[in-house]
Amino acid sequence: MRREPLPTEPLSTTPQPDEPWSQEPWSALEPWEAVGARLIVDEPTVKCWIEEVPPGESRPPHTHRHPWLTVVLAGADGESRTPDGILLAAGTAVEGTVQLNRQRLPFSHRMTNTSDRPLKLVAIELRTAAPAPEDGR
């Protein structure tokens, strides 16, 4: 059964000071640090890493402060949720697709692979603009 691709503009969430995850230690980490990935490009204006999510597993919560591209190397069904579990998007990440993620920043979420096959993504963070302030304004 084929599901629709994940939306190109997922719903956004911005941690506010009164939300439980805004003070969590992982929220201060760079996204690749929080998910345990190694940078493969580390330049002042571009950061790039590969994320692999085995079937049935989740990546830890993490916060994006800059726009980023997602390139799907190996597609799978999945979902994106806020750190406290609210569903943001669910569907199929289709192999070969590229998505520009530019929703309101900072953006905190965690990904879960809900399929029986591995999900493999390349994340390319674009740091040409100043980072979003922590209060989302």
Side-chain angles (χ1 to χ4, degrees):
M1 178 167 109
R2 182 170 170 80
R3 287 201 233 159
E4 292 300 310
L6 290 170
T8 50
E9 294 293 328
L11 299 173
S12 65
T13 182
T14 302
Q16 299 298 318
D18 61 339
E19 291 178 327
W21 65 83
S22 66
Q23 301 303 316
E24 292 293 326
W26 57 261
S27 70
L29 297 174
E30 296 288 0
W32 61 89
E33 295 171 324
V35 301
R38 181 179 62 85
L39 281 179
I40 56 176
V41 175
D42 187 2
E43 296 293 329
T45 58
V46 178
K47 307 294 182 188
C48 179
W49 63 96
I50 297 175
E51 277 187 63
E52 297 184 58
V53 187
E57 292 192 18
S58 296
R59 290 290 66 108
H62 55 282
T63 300
H64 296 275
R65 291 173 185 81
H66 301 272
W68 77 101
L69 293 165
T70 302
V71 181
V72 181
L73 300 179
D77 297 334
E79 59 186 30
S80 175
R81 293 182 176 268
T82 64
D84 58 354
I86 297 169
L87 182 65
L88 298 170
T92 299
V94 178
E95 185 174 319
T97 59
V98 178
Q99 176 177 317
L100 173 61
N101 303 285
R102 57 182 176 171
Q103 61 272 5
R104 186 172 172 198
L105 298 170
F107 178 76
S108 296
H109 73 132
R110 61 183 165 88
M111 293 182 347
T112 300
N113 180 344
T114 60
S115 73
D116 60 357
R117 57 191 188 279
L119 174 62
K120 189 172 186 177
L121 310 168
V122 174
I124 305 165
E125 185 179 79
L126 308 171
R127 290 192 167 210
T128 55
E134 287 304 311
D135 65 3
R137 295 179 196 156

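- Between the NZ atom in K47 and the CD1 atom in I40 there is a gap of 13.0 Å [rounded to 0.5 Å].
- Here the side chain of S115 pairs a donor or acceptor atom with the backbone of R117 at under 3.5 angstrom.
- With values rounded to the nearest 0.5 angstrom, T45 atom OG1 is found 8.5 Å from L126 atom CG.
- For the pair E52/K120, a side-chain contact is recorded, criterion being any heavy-atom separation below 4.5 Å from C-beta on.
- When hydrophobic clusters are built by joining Ile, Leu, Val, Met, Phe, Trp and Tyr residues whose side-chain heavy atoms come closer than 4.5 Å, directly or via intermediates, V94 is not grouped with V72.
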Let me see the working for R110 and R59 under side-chain contact (heavy atoms from CB on, under 4.5 Å), right down to the final yes or no. CA-CA 6 Å; R110 61 183 165 88; R59 290 290 66 108; 5.8 Å; no
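- Summarising the geometry, atom CD belonging to E30 is positioned 11.5 Å from atom NE2 belonging to H62; distances are rounded to the nearest 0.5 Å.
- Using bins of under 30°, 30° to 60° and over 60° for the plane-to-plane angle, the ring pair W49/W32 lands in the tilted bin.
- Among all heavy-atom pairs drawn from L29 and A34, the shortest one is CD1-CA, 3.9 Å.
- Ring pair H64/W68 is parallel by interplanar angle, where below 30° counts as parallel and above 60° as perpendicular.
- Minimum interatomic distance between T114 and G78 (heavy atoms only, all atoms of both residues): OG1-N, 3.5 Å.
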Give the intermediate values and the outcome of side-chain contact (heavy atoms from CB on, under 4.5 Å) for residues I124 and V46. CA-CA 7 Å; I124 305 165; V46 178; 3.9 Å; yes
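- Two residues are said to be in side-chain contact when any heavy atoms from C-beta on lie closer than 4.5 Å; P54 and N113 fail this criterion.
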